[in-house]
Amino acid sequence: MPELPEVETIKRQLARKIIGKKLNKQKITNVRRRGKLLIVDFNNNSSLIFHLKLTGQLLFDGKPSSLTRKVFYFEDGSLLVFNDARKFGWWKIVKNSRAIEKQFGPEALAVKLPAFRNILSRRPNAKIKPLLMDQKFIAGIGNIYSCEILYAAKIHPLRLTRTLNDKETKQIFQNIKKILKAAIEHQGSSVEYYIDACGKKGNFVKHHQVYQKEGQRCRRCGTIIKRIKVGSRSTYFCPHCQSIC
DNA sequence: CAATCGTCCTGCGGGC
DNA sequence: TGCCCGCAGGACGATT
């Protein structure tokens with residue numbers, strides 16, 4: 001599932017490869033990421049926006065296959081293949097990307113601690129895990145990294161934000177940065193269909209501590225990792241390290 | 001308004 | 001072996 005680190009990996013690769021190329025007579029001036037969105041800007045201020053959702057792939061000079069839903073042809077003969085097995089993903093061209101971008105909360109890697117505290121205080125009765133995944137509050141975090149962040153911070157996924165003290169809030173904040181940066185350094189997590197713009201898998205899965213580790217032992221304390229449903233999403237945690245109280 | 005729940009879709013794994 | 005059922009999940013819309 002492409003989350004912030006996976007989209008960031010694709011963004012960096014595509015930026016190197018397609019800035020300056022022309023698509024539909026328009027020149028590509030930038031390739032950006034906003035949350036989990038990949039945004040290709042053109043010189044007339046329009047943008048091509050992608051959301052890869054669960055199974056989307058963007059392959060530069062990739063070979064079209066049965067999974068391919070769209071091929072973008074650049075004027076120099078190179079191309080960009082958009083694959084999506086489960087068809088949840090989308091792309092669209094907009095005259096100006098500002099309206100879409102402003103629906104998102106601050107970038108997970110850019111938000112400062114006071115702003116993060118403010119975000120949590122606005123939702124005192126929210127469970128911390130679904131709130132971390134709510135793009136309107138913080139942009140970029142999905143199911144894999146919310147589990148890994150809360151494990152690193154030693155916070156139970158069902159904790160209500162009003163029960164978090166200053167130290168715990170800071171732990172979550174610091175581990176958002178730490179986990180996402182580490183995942184980017186390893187080109188993201190290849191679970192299900194994720195591959196980067198060159199068709200390569202990310203290496204961060206072997207650094208996962210809890211995600212899809214149900215029944216295995218916690219690497220800190222040896223307790224068996226549990227899986228529960230939170231808002232109908234699989235949620236993995238260590239019942240000892242991430243105690244509810 | 002905030003929080004929760006159903007929905008979209010398809011590949012895959014378990015069970016018989 | 002092959003079929004069927006249920007599960008997985010981001011984000012939107014409906015509901016409470």
Side-chain angles (χ1 to χ4, degrees), chain A residues 1-11 33-39 49-59 64-70 81-92 94 97 99-108 118-151 156-164 176 179-180 183 188-195 201-202 204-205 208 210-216 225-237:
Chain A
M1 297 165 281
E3 302 180 28
L4 185 153
E6 292 76 29
V7 181
E8 178 68 20
T9 300
I10 292 171
K11 181 212 84 176
R33 180 189 57 73
R34 179 77 172 97
K36 304 175 197 173
L37 295 181
L38 187 97
I39 304 175
I49 304 183
F50 294 92
H51 198 311
L52 303 179
K53 292 286 183 94
L54 308 179
T55 57
Q57 303 174 332
L58 272 175
L59 294 165
S65 72
S66 59
L67 298 176
T68 299
R69 299 193 54 214
K70 176 75 178 175
V81 172
F82 178 70
N83 293 339
D84 189 13
R86 232 169 278 174
K87 299 184 177 174
F88 278 22
W90 50 262
W91 69 91
K92 65 171 118 178
V94 295
S97 65
I100 288 181
E101 290 186 64
K102 107 180 161 196
Q103 297 170 2
F104 286 75
E107 281 292 316
N118 186 40
I119 284 167
L120 295 192
S121 71
R122 278 156 55 201
R123 299 284 288 274
N125 296 317
K127 299 178 182 77
I128 184 62
K129 199 237 182 188
L131 187 63
L132 286 181
M133 293 171 63
D134 187 334
Q135 305 302 301
K136 294 188 295 299
F137 284 79
I138 309 163
I141 300 171
N143 204 33
I144 297 172
Y145 294 106
S146 60
C147 289
E148 294 297 324
I149 288 163
L150 290 174
Y151 171 81
H156 193 289
L158 294 176
R159 287 281 297 278
L160 303 185
T161 62
R162 65 176 146 78
T163 73
L164 297 168
I176 288 172
I179 298 284
L180 294 179
S189 302
S190 281
V191 298
E192 298 228 33
Y193 286 76
Y194 175 71
I195 48 178
K201 290 185 173 184
F204 197 66
V205 167
H208 289 180
V210 286
Y211 186 76
Q212 292 184 338
K213 304 284 185 191
E214 181 185 20
Q216 299 182 35
I225 301 296
K226 280 187 73 171
R227 178 171 73 130
I228 57 173
K229 289 279 186 177
V230 179
S232 79
R233 298 288 170 259
S234 282
T235 300
Y236 303 85
F237 69 105

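Lettering follows sequence order; numbering is per chain, from 1.
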Nucleotide N/O to protein N/O under 3.5 Å, stretch nucleotides 1-4 of chain B:
unit_1 : atom_1 : unit_2    : atom_2 : d
dA3(B) : OP1    : Ala126(A) : N      : 3.4
dA3(B) : OP2    : Arg123(A) : NE     : 2.1
dA3(B) : OP2    : Arg123(A) : NH2    : 2.9
dT4(B) : OP1    : Lys127(A) : NZ     : 2.5

Which residues satisfy the ring pair (Phe, Tyr, Trp, His ring centres under 6.0 Å) test with Tyr236(A), sequence neighbours excluded? Tyr211(A)

Closest heavy-atom contact between [X] and [Y]?
| X | Y | result |
| --- | --- | --- |
| Leu54(A) | Pro2(A) | O-CD, 3.7 Å |
| Ser189(A) | Tyr194(A) | O-CD2, 3.6 Å |
| Ser146(A) | Ile141(A) | N-CG2, 3.7 Å |

Identify, with sequence neighbours excluded, every residue that meets salt bridge (Lys or Arg N to Asp or Glu O under 4.0 Å) alongside Lys11(A). Glu8(A)

Starting from the C-alpha separation in whole Å, work towards a yes-or-no answer on side-chain contact (heavy atoms from CB on, under 4.5 Å) for Phe237(A) and Ile228(A). CA-CA 8 Å; Phe237(A) 69 105; Ile228(A) 57 173; 3.7 Å; yes

Whether each nucleotide of nucleotides 9-16 of chain C has a protein heavy atom under 4.0 Å at its base (B), only at its sugar-phosphate (S) or at neither (-) is summarised, 5' to 3', as BBB-----

Is there a side-chain contact between Tyr193(A) and Leu67(A) (heavy atoms, below 4.5 Å)?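 When only atoms from C-beta onward are counted, Leu67(A) and Tyr193(A) do touch, with a gap below 4.5 Å.
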
Contacts of Gln212(A) that satisfy side chain to side chain donor-acceptor pair (under 3.5 Å) - sequence neighbours left out: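 Side chain to side chain donor-acceptor pair (under 3.5 Å) list for Gln212(A), sorted by chain: empty.
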
Determine, for Glu3(A) against Lys36(A), whether the closest basic-nitrogen to carboxylate-oxygen distance falls under 4.0 angstrom. no

Working note: Leu52(A) + Ile10(A), criterion side-chain contact (heavy atoms from CB on, under 4.5 Å); need CA distance, chi angles, decisive distance, verdict. CA-CA 11 Å; Leu52(A) 303 179; Ile10(A) 292 171; 3.7 Å; yes

Taking five pairs at each terminus, the helix from dA2(B)-dT16(C) to dC16(B)-dG2(C) shows an axis bend, to 10°, of 50°

